[in-house]
Amino acid sequence: MLTMRAGTRRRVALLLRALGATVVIGAVVGGANGSGSRDAPLLGAMLGALGGATNGVILVGAILGAEILLPPTRRGHALERVPFLVAFAMKFLVYGTVVVLVVGGRPGGRLVRAVAAMLLSPDLAQALYVQRAPRAVLMVSVFLLLGNAIFVLQLGRLLGERTLRDIVFGRYHRSRTEERFFLFVDIAGSTPLAERIGPDAVHRFLGEVFRLASDSIDDHRGEVYQYVGDEIVITWTVAEGRDGARPVACFFGIEQALARGAPEFHREFGVAPRLRAALHGGPVIAGEVGGSRRAIVYHGDVMNTTSRIEQATRDLERQFLVSGDALERLTDLEGFAREDLGPQRLRGRAAAIQIYAVTAKPSMNGQKRAPDPNVTPTCQGD
């Protein structure tokens, strides 16, 4: 049995939706072109629709397939390390070659003529499917569309897809109150590590930690709010994070990813990363701020309290602390053990807050495993 991670499943679903839309658009454009046949406009429209859909699927399958499925891979991560404009130019060059081959070679038209030649006469097939739109016009149109699409995808990775979407559609143009979870994940011991290996090496160390953490965040539908020094702040709306206890499962998923990468960390840096984390939930005010640079920010006591809970991991000597407020908003917690630490007075707060230490229950082989309801089992073929 193989498993398909939730993030991979969503990317595949996105690609399939894009392919479906491409089939429709390609069929409409190709059908309109083929309907100009004087001998048999209906048959010409059908053959044109088939050819247009075929060309569209080849283009979108190759280009958007790479854009959607490549980023989580090693080559995708290597490409993300190059400057934004360099990556954009490289992709535009490679994808432009694909456009020239498809639009210039017209595999859809060749397929249609071959099919029509088998069902009809070769002369009639040639007469029915004639590309009337100039190739130069088609190439320029496709280049413009793909250039804009690639730029938007690159911008989404730079700013965050949800942040870009929310800014474009003005979701937070006016401030609004939301119920949210906030997960603060801190890299323990990064300050003495920086003194030992130097700032450049510790930057690479943190960069690799954040890269490995991103897969689990994506799998559990989290959103990176910000990187603050050696800390990641991840957020969910309560509606998005409730099922499957996604914020809790996300933390243990990050821990597992770092455990798998521990040999590489030891080889390069002489130490593996250790985590501390805190989870809290409640109402916050969300909205856009800034002038020359716009950003979506969250204000409220929830943020401060989560930070205080994370600081309490040192005093209470626990790796992962979760507030009672957060646990009340979560479901599917059967895979996690909760230690009631009672009401705790946090620094800077007058009122005590109920705190729990949370760990993943051991699996059958004795290893800690965070249950992931978002992973779908798939059968392995022969």
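Hydrogens, waters and symmetry mates are skipped; everything else that's a heavy atom, side chains included, is used.
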TODO: Before giving the answer on side chain to side chain contact (heavy atoms under 4.5 Å, CB included), spell out for T359 and Q319 the whole-Å C-alpha distance, their side-chain angles and the decisive distance to 0.1 Å.
DONE: CA-CA 8 Å; T359 56; Q319 182 189 26; over 6 Å; no

Is [X] salt-bridged to [Y], cutoff N-O under 4.0 Å?
{"X": "R171", "Y": "E178", "answer": "yes"}
{"X": "R318", "Y": "E339", "answer": "yes"}
{"X": "D186", "Y": "R274", "answer": "no"}
{"X": "R204", "Y": "E268", "answer": "yes"}
{"X": "R276", "Y": "E310", "answer": "yes"}

Find the distance between [atom1] ([X]) and [atom2] ([Y]) and round it off to the nearest 0.5 Å.
{"X": "Q226", "Y": "I296", "atom1": "CD", "atom2": "CD1", "value": "13.0 Å"}
{"X": "L206", "Y": "L193", "atom1": "CG", "atom2": "CG", "value": "8.0 Å"}
{"X": "I63", "Y": "L59", "atom1": "CD1", "atom2": "CG", "value": "5.5 Å"}
{"X": "N304", "Y": "I309", "atom1": "CG", "atom2": "CD1", "value": "11.0 Å"}
{"X": "Q344", "Y": "S323", "atom1": "CD", "atom2": "OG", "value": "12.5 Å"}
{"X": "L330", "Y": "L279", "atom1": "CG", "atom2": "CG", "value": "6.5 Å"}

Report yes or no: does [X] contribute a side-chain atom to a donor-acceptor pair with the main-chain N or O of [Y] at less than 3.5 Å?
{"X": "R329", "Y": "R242", "result": "no"}
{"X": "T235", "Y": "E223", "result": "no"}
{"X": "R308", "Y": "L346", "result": "no"}

So which atom in [X] and which in [Y] form the shortest heavy-atom distance, rounded to 0.1 Å?
{"X": "G324", "Y": "Y356", "value": "CA-CE1, 3.8 Å"}
{"X": "G244", "Y": "D332", "value": "N-OD2, 2.8 Å"}
{"X": "A249", "Y": "S216", "value": "O-OG, 4.4 Å"}
{"X": "F252", "Y": "A360", "value": "CZ-N, 3.4 Å"}
{"X": "T331", "Y": "D243", "value": "OG1-CA, 3.4 Å"}
{"X": "D325", "Y": "G281", "value": "CB-O, 3.8 Å"}

Open item on the list: Evaluate R338 against L333 for side chain to side chain contact (heavy atoms under 4.5 Å, CB included), listing each step before the verdict.
Closed with: CA-CA 9 Å; R338 286 153 284 173; L333 286 161; 3.8 Å; yes

Do [X] and [Y] land in one hydrophobic cluster if side-chain heavy atoms of ILVMFWY residues count as linked below 4.5 Å?
{"X": "V185", "Y": "V271", "value": "yes"}
{"X": "I353", "Y": "M303", "value": "no"}
{"X": "L50", "Y": "V28", "value": "no"}
{"X": "V248", "Y": "L316", "value": "no"}
{"X": "V99", "Y": "L93", "value": "no"}

Please examine the side chains of [Y] and [X], heavy atoms only from C-beta on, and report whether any two atoms are closer than 4.5 Å.
{"X": "Q311", "Y": "R314", "result": "yes"}
{"X": "F269", "Y": "V202", "result": "no"}
{"X": "T313", "Y": "F320", "result": "no"}
{"X": "V102", "Y": "P107", "result": "yes"}
{"X": "E208", "Y": "E264", "result": "no"}
{"X": "L258", "Y": "V209", "result": "yes"}
{"X": "L275", "Y": "I232", "result": "no"}
{"X": "H280", "Y": "V322", "result": "no"}

Open item on the list: Pair D315, R347 - check salt bridge (charged side-chain N to carboxylate O under 4.0 Å, His left out), show working.
Closed with: CA-CA 11 Å; D315 300 329; R347 297 173 187 172; 3.3 Å; yes

Task: Steps toward side chain to side chain contact (heavy atoms under 4.5 Å, CB included) verdict (F251, L183) - done: CA-CA 8 Å; F251 169 73; L183 175 65; 4.2 Å; yes

Open item on the list: Run the side chain to side chain contact (heavy atoms under 4.5 Å, CB included) test on L321 and L341 for me, step by step, so that the C-alpha distance in whole Å, both residues' side-chain angles and the decisive distance to 0.1 Å come before the verdict.
Closed with: CA-CA 9 Å; L321 297 180; L341 300 179; 3.7 Å; yes

TODO: Taking atom NE2 of H203 as the centre, report whether more than 12 heavy atoms of other residues, nucleotides or ligands fall under 6.0 Å from it.
DONE: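 Atom NE2 in H203 is not crowded, with 12 or fewer foreign heavy atoms closer than 6.0 Å.
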
TODO: On the 0 to 90° scale, with breaks at 30° and 60°, tag the F184-F182 ring pair as parallel, tilted or perpendicular.
DONE: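 Rings of F184 and F182: perpendicular, over 60°.
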
Open item on the list: On the six-membered ring of Y172, is R176 placed so that its NZ or CZ lies under 6.0 angstrom from the centre and within 45° of the ring axis?
Closed with: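 Yes; both conditions hold, so R176 lies above the ring face of Y172.
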
Task: Candidate list Y225, W236, F181, test ring-ring contact (aromatic ring centres under 6.0 Å, His included), partner Y298, passing option - done: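 Exactly one candidate clears the test, Y225.
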
